[in-house]
2 protein chains.
Amino acid sequence: MTRIAKPLAPAALEMVAGRFKVLAEPARLHLLNVLMAGERTVGDLVETTGLNQANVSKHLALLAEAGFVSRRKEGLHAWYVIADSSVFKLCDLMCSAIARKLGKDLQAVK
Amino acid sequence: MTRIAKPLAPAALEMVAGRFKVLAEPARLHLLNVLMAGERTVGDLVETTGLNQANVSKHLALLAEAGFVSRRKEGLHAWYVIADSSVFKLCDLMCSAIARKLGKDLQAVK
DNA sequence: TGACTGTATAACTGCACAGGAATACAGTAG
DNA sequence: CTACTGTATTCCTGTGCAGTTATACAGTCA
């Protein structure tokens, strides 16, 4: 369980925390989850997620700023697509961690 | 970039988001970073991080509730230790993602 | 040109939460 | 018992941000 400690500078901690924060919203995870199937327009995402248009735009802006998705304009439409596949691994890891945690909690109860 | 879409239930999204949120604070990442070197008492962590005692206790409580660390009481002292090594992978992944992002931003500027 | 569609951007409100101060609690020592 | 130490918890305050509404902007079509 012990690792070589590589102390991180405050600025680095802020950066990492900031990016985790982008993933720390159900709405944004929902958008990413839909985008995992491929490129979508804002309108598609509004319809699929049930979120209103302004909200979707803002969430996508945050995801894009963090580099998780990228934007492509085509006429009136804006197409968004996953730009960093590490989000898949991040979410998978987190889901596995949750499964382990729930398993422990279950053992503690029964 | 396209994957098989496995739609997640709202409750699942909340869970995943909630755990990302625990990692979305510089102070907690700092604590985890120190704990990567091994088990520490609250006092150790207060001294190492410069955070005040109440803050450290509260952050550790959140980390423990999420299952990232676990607590062991010994006399007056409370020893905390990393309980889920996936935090290492999560942070490594995030750091790599940041490096890629910064590399892209750099290319876009120069 | 003007009307319309898709998207982005204010401006506002409410809430969750980090940080700090004070206090409560548990364990030890005398 | 009392005094003290290490840790947890409560209360308070300020701030960041999600959600909503309204509006602005950009591109298309007549």
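Note on naming: letters A, B, ... go to the chains in the order of the sequence lines (proteins, then strands), and numbering restarts at 1 for each one. Here the structure is a predicted model, which is why all the values come from computation and not from measurement.
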Problem set entry | Side chains of B:Leu93 and A:Leu93 in contact at under 4.5 Å (non-hydrogen atoms) | yes
Exercise. In whole Å, what is the span from the CZ atom of A:Arg28 to the C1' atom of D:dA18?
Worked result: 8 Å
For this session: Work out how much the helix from C:dT1-D:dA30 to C:dG30-D:dC1 bends between its end axes, five pairs an end, to the nearest 10 degrees.
Result: 10°
For this session: Under 4.0 Å from any heavy atom of chain A: name the first and the last nucleotide of DNA chain C that qualifies, 5' to 3'.
Result: C:dT5 to C:dA11
For this session: Specify the residues of residues 14-23 of chain A, ordered by number, for which at least one heavy atom lies under 4.0 angstrom from an atom of DNA chain C.
Result: none
Exercise. Counting only non-hydrogen atoms, which of residues 41-57 of chain A are less than 4.0 Å from DNA chain D?
Worked result: A:Asn52, A:Ala54, A:Asn55
Exercise. If you group Ile, Leu, Val, Met, Phe, Trp and Tyr by side-chain heavy-atom gaps below 4.5 Å, do A:Leu76 and A:Leu45 land in one group?
Worked result: no
For this session: Could you check if a side-chain atom of A:Phe68 sits within less than 4.5 angstrom of a side-chain atom of A:Val22, using non-hydrogen atoms only?
Result: yes
For this session: Indicate yes or no: at least one non-hydrogen side-chain atom of B:Val16 is less than 4.5 angstrom from one of A:Leu23.
Result: no
Problem set entry | Partner set under side-chain contact (heavy atoms from CB on, under 4.5 Å) for B:Arg100, not counting sequence neighbours | A:Asp84, A:Ser86, B:Ser96, B:Ala97
Exercise. Can you list the residues that meet the side-chain hydrogen bond (donor to acceptor under 3.5 Å, both in side chains) rule with B:Thr48, with sequence neighbours excluded?
Worked result: none
Problem set entry | side-chain contact (heavy atoms from CB on, under 4.5 Å) involving B:Thr49 - partner list, sequence neighbours excluded | B:His30, B:Leu31, B:Val34, B:Leu51, B:Val56
For this session: Check whether any side-chain heavy atom of A:Phe20 sits under 4.5 Å from a side-chain heavy atom of B:Leu90, and report yes or no.
Result: yes
Exercise. Quick one: salt bridge (charged side-chain N to carboxylate O under 4.0 Å, His left out) partners of A:Asp105, sequence neighbours excluded?
Worked result: A:Lys101
For this session: State which residues pass side-chain contact (heavy atoms from CB on, under 4.5 Å) with B:Leu62; sequence neighbours excluded, sorted by chain then number.
Result: B:Arg28, B:Glu65
Exercise. Heavy-atom contacts under 4.0 Å between residues 68-76 of chain B and DNA chain D, which residues?
Worked result: B:Arg71, B:Leu76
For this session: Return the set of residues passing side-chain contact (heavy atoms from CB on, under 4.5 Å) with A:Arg72 (not counting sequence neighbours), or none when no residue passes.
Result: A:Glu39, A:Glu74, A:Trp79
Exercise. side-chain hydrogen bond (donor to acceptor under 3.5 Å, both in side chains): which pairs involve residues 10-21 of chain A, sequence neighbours left out?
Worked result: none
Seminar exercise, completed: In short, B:Asn52 meets B:Ala54 closest at the heavy-atom pair OD1-N, 3.1 Å
Exercise. With no hydrogens and no angle check, is any side-chain donor or acceptor of A:Asp92 less than 3.5 Å from a backbone partner on A:Lys89?
Worked result: no
For this session: Indicate the atoms forming the closest heavy-atom contact of A:Ala17 with B:Leu29, along with that distance.
Result: N-CD1, 3.5 Å
